[in-house]
Amino acid sequence: MAAEKTEKRKAEHIRICLEKKAQAKTVTAGFEDIRFVHRALPEVNRKDINLSTSFLNKTFSAPLIVGAMTGGTEEAIRINQNIAEAVEKLGLGMGLGSQRAAIENYTLEKTYTVARKAAPNAFLIANIGGVQLVHGYGIKEARKVIEMIDADAVAIHLNALQEAVQPEGQTNFKGVLAKVGEVAGELDKPVIIKETGAGISAEDAKVLKEAGVKAIDVGGVGGTSFAAVEYYRGEKTLGEAFWDWGIPTAASIVEVVQSTKLPVIASGGVRTGTDIAKALALGANLASITQPALETAVKGSKETEQLLLGLIDELKNVLFLVGAENVADLAKTPLVICRETAEWLKIRGFNIEGYARRGVC
């Protein structure tokens, strides 16, 4: 019965994200508040710009992955295969959706294993829920989800907001941090903490680093809202009240980068190559795109490939216009943080002037 409910919920999530307006309403990811300083003399040959980067000992052709979105329902087979084919061809990576469904029902493993079959060389991130770690899951299940897709890393996702507004949600998060530390200490694969749309604060990032986490996917406000998803599933009162809850993505990147220096994946409302460039310039190592890739993945791998190529081409243009020959140079180029994001970070005590002064004698 539990497995059937999980599978049904996964199918509902796909349908809602494709058919309903489940994006943030009154808040944004904050990328519009980040402005690059244009270089009229870039002194760069655009065709020589190198976007390759390294993350957790894996080389990517560009600092981009497709974020975790699905698995555990039949519709996910086609979606995950199309994404996997695209990232394999382009030398990128992808995350899988929560693999809880396959732990509860082994016949659903195929909805996840299809990714490794289609992408034998790509960086794949397995996925298990943090709250499940205090409800019976542990090292055994973490190893299982890694082995299931021959993953390069495992994401432990934190979805307190979603659980709080979900009718069947699990809201006992007491002890999650300790369990994360146990898993991180035992696994021979790096553990990534992934928020699912409400962002990671500096306070949480610090204790997660101490627990042994190797990277953080900030998953900030600005993209798909799981409170909105649950609103459409029937939990209208709570879903609407918490639709835009959380830390905007741009601010969350700075909070995590400045407080921990851990590798960061920027996700949550990343929609353009310029958004990717801004995230990287703020200190992220990779950017993750999800909703737009879901919309192309239901069509095919070629459509998903074209989406990713478009983002990469736009990203390269930004590097050209700021005079950066590679991703490392982009992290040194000056940018100005304005408006609400600047106000948030100043009030929280973070240094934003340093970004604007980079490269100034």
Side-chain angles (χ1 to χ4, degrees), residues 21 23-39 63-64 67 161 195-205 216-225 227-228 242-262 264-292 311 314-324 327 329-360:
K21 294 180 179 179
Q23 304 297 294
K25 287 194 295 188
T26 62
V27 298
T28 70
F31 292 121
E32 72 279 5
D33 294 340
I34 313 301
R35 301 294 298 272
F36 281 109
V37 177
H38 172 68
R39 296 297 304 275
L64 176 63
L161 172 61
E195 236 293 347
T196 56
I200 298 280
S201 68
E203 293 87 345
D204 286 338
I216 290 179
D217 182 337
V218 298
V221 174
T224 299
S225 164
F242 292 91
W243 196 297
D244 289 333
W245 176 273
I247 306 169
T249 300
S252 187
I253 293 169
V254 175
E255 292 221 2
V256 175
V257 168
Q258 290 196 14
S259 63
T260 70
K261 308 301 183 186
L262 280 174
V264 166
I265 301 174
S267 67
V270 176
R271 296 291 180 264
T272 68
T274 303
D275 289 344
I276 295 170
K278 291 176 178 180
L280 298 171
L282 288 173
N285 301 82
L286 295 177
S288 173
I289 190 160
T290 306
Q291 176 70 22
L311 293 169
E314 183 178 334
L315 171 61
K316 183 175 285 189
N317 231 37
V318 175
L319 266 72
F320 172 67
L321 293 173
V322 299
V327 175
D329 286 346
L330 185 60
K332 302 171 189 173
T333 195
L335 72 165
V336 179
I337 303 176
C338 309
R339 295 184 294 266
E340 290 186 19
T341 303
E343 183 178 0
W344 173 293
L345 292 171
K346 284 180 179 178
I347 292 172
R348 291 275 289 155
F350 293 97
N351 172 24
I352 65 171
E353 287 77 10
Y355 291 101
R357 302 295 297 172
R358 291 192 298 208
V360 178

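Along the sequence shown, residues carry numbers from 1. Worth knowing before you read on, the calculation uses all heavy atoms, side chains too, and leaves out hydrogens, waters and symmetry mates.
- Summarising the geometry of Ala266 relative to Ala284, their closest heavy-atom pair is CB-CB, 3.9 Å, with the distance given to 0.1 Å.
- In terms of heavy-atom proximity, Ile253 sits nearest to Ala279 at CD1-CB, 3.8 Å.
- To the nearest 0.5 angstrom, Leu262 atom CG is 11.0 Å from Ile200 atom CD1.
- For the pair Phe36/Leu321, no side-chain contact is recorded, criterion being any heavy-atom separation below 4.5 Å from C-beta on.
- Ile352 and Lys346 get closest at one heavy-atom pair: CD1-CE, 3.4 Å.
- With a 4.5 Å cut-off on side-chain heavy atoms, Leu64 and Ile289 count as touching.
- Within the 4.5 Å cutoff, the side chain of Pro63 has heavy atoms near those of the Leu315 side chain.
- Interatomic distance, CG of Leu330 versus NZ of Lys278, reported as 12.0 Å (0.5 Å rounding).
- Side-chain N or O atoms of Ser225 include one that pairs as donor or acceptor with a backbone N or O of Trp243 at under 3.5 Å.
- Note that the OG1 atom of Thr196 and the CG atom of Leu161 stand 7.0 Å from one another [nearest 0.5 Å].
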Q | Candidate pair Tyr355 and Ile34, rule side-chain contact (heavy atoms from CB on, under 4.5 Å), full reasoning | A | CA-CA 10 Å; Tyr355 291 101; Ile34 313 301; over 6 Å; no

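- Shortest non-hydrogen contact noted between Gly246 and Pro248 is O-CD, 3.7 Å.
- For the pair Trp344 and Ile337, the minimum side-chain heavy-atom distance is 4.5 Å or more.
- You'll find the side chain of Val257 stays beyond 4.5 Å of the side chain of Leu282, heavy atoms only.
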Q.
Set out, in order, the CA-CA distance, both residues' side-chain angles and the distance that settles side chain to side chain donor-acceptor pair (under 3.5 Å) for Arg348 and Gln258, then state yes or no.
A. CA-CA 12 Å; Arg348 291 275 289 155; Gln258 290 196 14; over 6 Å; no

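- Around atom CZ of Arg271, more than 12 heavy atoms belonging to other residues, nucleotides or ligands sit under 6.0 Å away.
- The minimum heavy-atom distance between Leu345 and Ala251, with the atom names listed, is CD2-O, 3.8 Å.
- Scanning both residues, Cys338 and Arg35, for their nearest heavy atoms gives SG-CG, 4.1 Å.
- Using a 4.5 Å heavy-atom threshold, the side chains of Thr290 and Ser267 count as separate.
- Counting only distance, with no hydrogens or angles, the side chain of Arg358 and the backbone of Ala331 share a donor-acceptor pair below 3.5 Å.
- For Glu314, the side chain to side chain contact (heavy atoms under 4.5 Å, CB included) test picks out Thr272, Thr274, with sequence neighbours left out.
- Sorted by first and then second residue, the side chain to side chain donor-acceptor pair (under 3.5 Å) pairs with a member in residues 244-253 read Thr26-Asp244; sequence neighbours excluded.
- Residues Val270 and Ile276 form a side-chain contact, since some pair of their non-hydrogen atoms from C-beta on lies under 4.5 Å apart.
- Atom-to-atom distance recorded for Leu280:CG and Asp329:CG is 12.5 Å, nearest 0.5 angstrom.
- To the nearest 0.5 Å, atoms CG (Asp204) and CD1 (Ile216) are separated by 8.5 Å.
- Here the side chains of Thr224 and Gln23 are in contact, with some heavy-atom distance below 4.5 Å.
- The line from CD of Glu343 to CG of Asp33 is 10.0 Å long, rounded to the nearest 0.5 Å.
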